Amino acid sequence: MTAVDPIRQKSDIKKVENILAKQSLRNELLFAIGTNCGLRVSDILNLNVGDVKDKTFIQLTEQKTNKYKRFPINSKLKPLIDSFTEGRKNNEPLFLSIFQNRMERTSVYRIIRKACKSARVHERIGTHTMRKTFGYHHYQKFKDVAILQKIFNHSSPEITLRYIGIEQDQIEESYSKFIL
C-alpha cells in the first residue's frame with residue numbers, strides 16, 4: 001500500500017470541499033467528517049443515520065483497534081448532518097452508494113482522488129488523506145502531540161508525528177535553513 005499525505009494548505013482543503021459540495025451533500029459530508037473527526041474511512045462508512053442524527057456526540061467502536069471512541073460533533077458538521085439525515089431512517093447506512101447499498105472504500109477513494117485532482121492538490125491522495133489532514137491541522141493548531149496520539153491510538157508520539165507528516169516537514173525545514 002502506498003503512503004498518502006495530508007492536505008497541508010487550508011486553501012486546498014477549501015477547494016476540495018467546494019468541488020465535493022457541488023457534486024452532492026453526501027460527498028461534502030463524507031469529506032467533512034473525514035477531515036474534522038480523524039476517523040478511518042472504514043469507521044466512517046460503518047456509521048448509520050442513527051449514529052449521528054439529532055446527536056451532539058459520535059460514539060463508535062473502531063473496527064481496526066476495537067476501541068471505544070466518543071467525540072463531539074463540531075459546528076461545521078452539525079448543519080451538514082442535519083440536512084443530510086432529514087427524513088431518513090435511523091437504521092440505514094449513513095453513506096449510500098448509487099445502488100442504495102452501504103458505500104465502499106473504493107468509491108470514496110475515487111471521489112476524493114477526483115476532487116483533489118480537480119482542485120490541483122498535488123499531494124499523494126487516498127482515503128487516509130482525510131485522517132492525516134485532520135491530524136496535521138490538529139497538531140498545527142494545538143501543538144499537542146500527546147492528545148493527537150490518544151485520538152489516533154498510536155503507541156508513541158514519534159509514530160504520530162511521522163504519520164501526519166510533521167517529521168518530514170521538520171527535516172525539510174532544517175535542510176532549507178542549513179547553509180555552509
Side-chain angles (χ1 to χ4, degrees), residues 1-49 51-52 58-69 71 73-74 76-77 80-81 84-85 92-140 148-155 159-169:
M1 190 184 307
T2 305
V4 299
D5 298 318
I7 302 172
R8 289 176 170 82
Q9 300 299 318
K10 287 186 178 180
S11 60
D12 286 343
I13 295 169
K14 194 71 184 151
K15 287 179 201 171
V16 173
E17 287 173 340
N18 289 336
I19 289 166
L20 293 170
K22 288 177 186 170
Q23 292 173 359
S24 68
L25 181 54
R26 179 199 69 181
N27 293 355
E28 179 184 14
L29 179 60
L30 183 66
F31 187 75
I33 288 177
T35 56
N36 281 268
C37 300
L39 293 174
R40 290 177 185 86
V41 73
S42 57
D43 291 324
I44 295 170
L45 295 179
N46 207 35
L47 293 171
N48 287 330
V49 171
D51 295 328
V52 297
I58 294 176
Q59 300 178 77
L60 57 95
T61 301
E62 293 180 320
Q63 285 189 320
K64 183 176 180 180
T65 64
N66 208 33
K67 291 183 179 177
Y68 173 77
K69 187 177 202 95
F71 55 90
I73 296 173
N74 70 25
K76 179 176 187 162
L77 295 177
L80 293 172
I81 289 170
F84 191 65
T85 60
E92 71 179 86
L94 182 60
F95 296 107
L96 295 169
S97 72
I98 57 171
F99 303 109
Q100 300 303 299
N101 299 319
R102 190 175 296 275
M103 275 185 85
E104 294 182 9
R105 68 181 307 120
T106 53
S107 299
V108 177
Y109 173 79
R110 285 191 291 272
I111 290 165
I112 300 302
R113 292 265 308 184
K114 186 176 178 185
C116 287
K117 185 177 182 182
S118 295
R120 294 186 173 93
V121 173
H122 300 294
E123 283 85 0
R124 295 173 295 181
I125 301 298
T127 56
H128 228 52
T129 294
M130 297 183 293
R131 180 171 161 91
K132 287 187 174 190
T133 298
F134 165 85
Y136 181 84
H137 290 281
H138 191 283
Y139 179 78
Q140 293 299 335
L148 198 52
Q149 177 188 342
K150 276 186 158 326
I151 289 170
F152 283 157
N153 286 315
H154 286 164
S155 58
I159 289 171
T160 301
L161 291 174
R162 186 174 60 239
Y163 178 80
I164 62 174
I166 296 297
E167 187 177 81
Q168 186 60 38
D169 286 356

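These numbers were taken from a predicted model, which means no experiment stands behind them.
Taken from NZ in Lys64 to CG in Asp43, the straight-line distance is 10.5 Å, to the nearest 0.5 Å. The line from CG of Leu20 to NZ of Lys114 is 10.5 Å long, rounded to the nearest 0.5 Å. Of the inter-residue distances, the one linking Gln23 atom CD with Ile111 atom CD1 reads 7.0 Å to the nearest 0.5 angstrom. Taken to the nearest 0.5 Å, the OH atom of Tyr68 stands 11.5 Å off from the CD atom of Glu62. Here CE of Met103 is found 10.0 Å from CD1 of Ile98. Values are rounded to the nearest 0.5 Å. In this structure, the separation between CD1 on Ile159 and CG on Asn153 is 12.0 Å, given to the nearest 0.5 Å.
Exactly one of Thr127, Thr65, Leu45 qualifies for a side chain to side chain contact (heavy atoms under 4.5 Å, CB included) with Arg40. That residue is Thr65. Of the residues listed (Gln149, Arg131, His154), the one engaging Tyr163 in a side chain to side chain donor-acceptor pair (under 3.5 Å) is Arg131, and it is the only one.
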Show your working on side chain to side chain contact (heavy atoms under 4.5 Å, CB included) between Ile7 and Ile125 and close with a plain yes or no.
-> CA-CA 8 Å; Ile7 302 172; Ile125 301 298; 4.3 Å; yes
Would Leu29 and Phe95 satisfy side chain to side chain contact (heavy atoms under 4.5 Å, CB included), going step by step from the backbone distance to the final call?
-> CA-CA 9 Å; Leu29 179 60; Phe95 296 107; 3.9 Å; yes
Report the C-alpha distance between Val16 and Val121 in whole Å, list the side-chain angles of each, state the deciding distance to 0.1 Å, and finish with yes or no for side chain to side chain contact (heavy atoms under 4.5 Å, CB included).
-> CA-CA 8 Å; Val16 173; Val121 173; 3.9 Å; yes
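Summarising the geometry of Leu80 relative to Ala32, their closest heavy-atom pair is CD1-CB, 3.9 Å, with the distance given to 0.1 Å. Between Leu30 and Met130, the shortest heavy-atom distance links the atoms O-SD, 4.0 Å. Scanning both residues, Gly126 and Ile112, for their nearest heavy atoms gives O-CG2, 4.1 Å. Looking at every heavy atom in both residues, Arg26 comes nearest to Leu96 through NH1-O, 2.8 Å. The two residues Glu123 and Arg8 have their closest heavy-atom pair at OE2-N, 3.9 Å. Between Asn48 and Pro93, the shortest heavy-atom contact is OD1-CA, 3.4 Å.
Contact annotation: the side chain of Gln168 never approaches that of Asp5 to less than 4.5 Å [non-hydrogen atoms, C-beta and beyond]. Looking only at side-chain heavy atoms (C-beta outward), Lys69 and Ile151 come within less than 4.5 Å of each other. Residues Val52 and Phe84 are not in side-chain contact: their nearest non-hydrogen atoms beyond the backbone lie 4.5 Å or more apart. Side-chain contact between Ile58 and Asp51 is absent, with no heavy-atom pair separated by less than 4.5 Å. Using a 4.5 Å heavy-atom threshold, the side chains of Ile13 and Phe31 count as touching. Between Leu148 and Phe134 there is a side-chain heavy-atom pair separated by less than 4.5 Å. With a 4.5 Å cut-off on side-chain heavy atoms, Cys37 and Leu77 count as touching. Considering only heavy atoms from C-beta on, Thr85 comes within 4.5 Å of Leu94 through its side chain.
A salt bridge links Lys76 and Glu17; the closest N-O separation between the charged side-chain nitrogens and carboxylate oxygens is under 4.0 Å.
The number of heavy-atom neighbours closer than 6.0 Å to CD of Glu104, taken from other residues, nucleotides and ligands shown, is 12 or below.
A search for side chain to side chain donor-acceptor pair (under 3.5 Å) contacts involving Thr61 returns nothing, not counting sequence neighbours. When the side chain to side chain donor-acceptor pair (under 3.5 Å) test is applied to Thr133, no partner is found at least two apart in sequence or on another chain.
No donor-acceptor pair under 3.5 Å is formed between the side chain of Arg105 and the backbone N or O of Val41. Asn18 contributes no side-chain N or O that, together with a main-chain N or O of Lys15, makes up a donor-acceptor pair within less than 3.5 Å.
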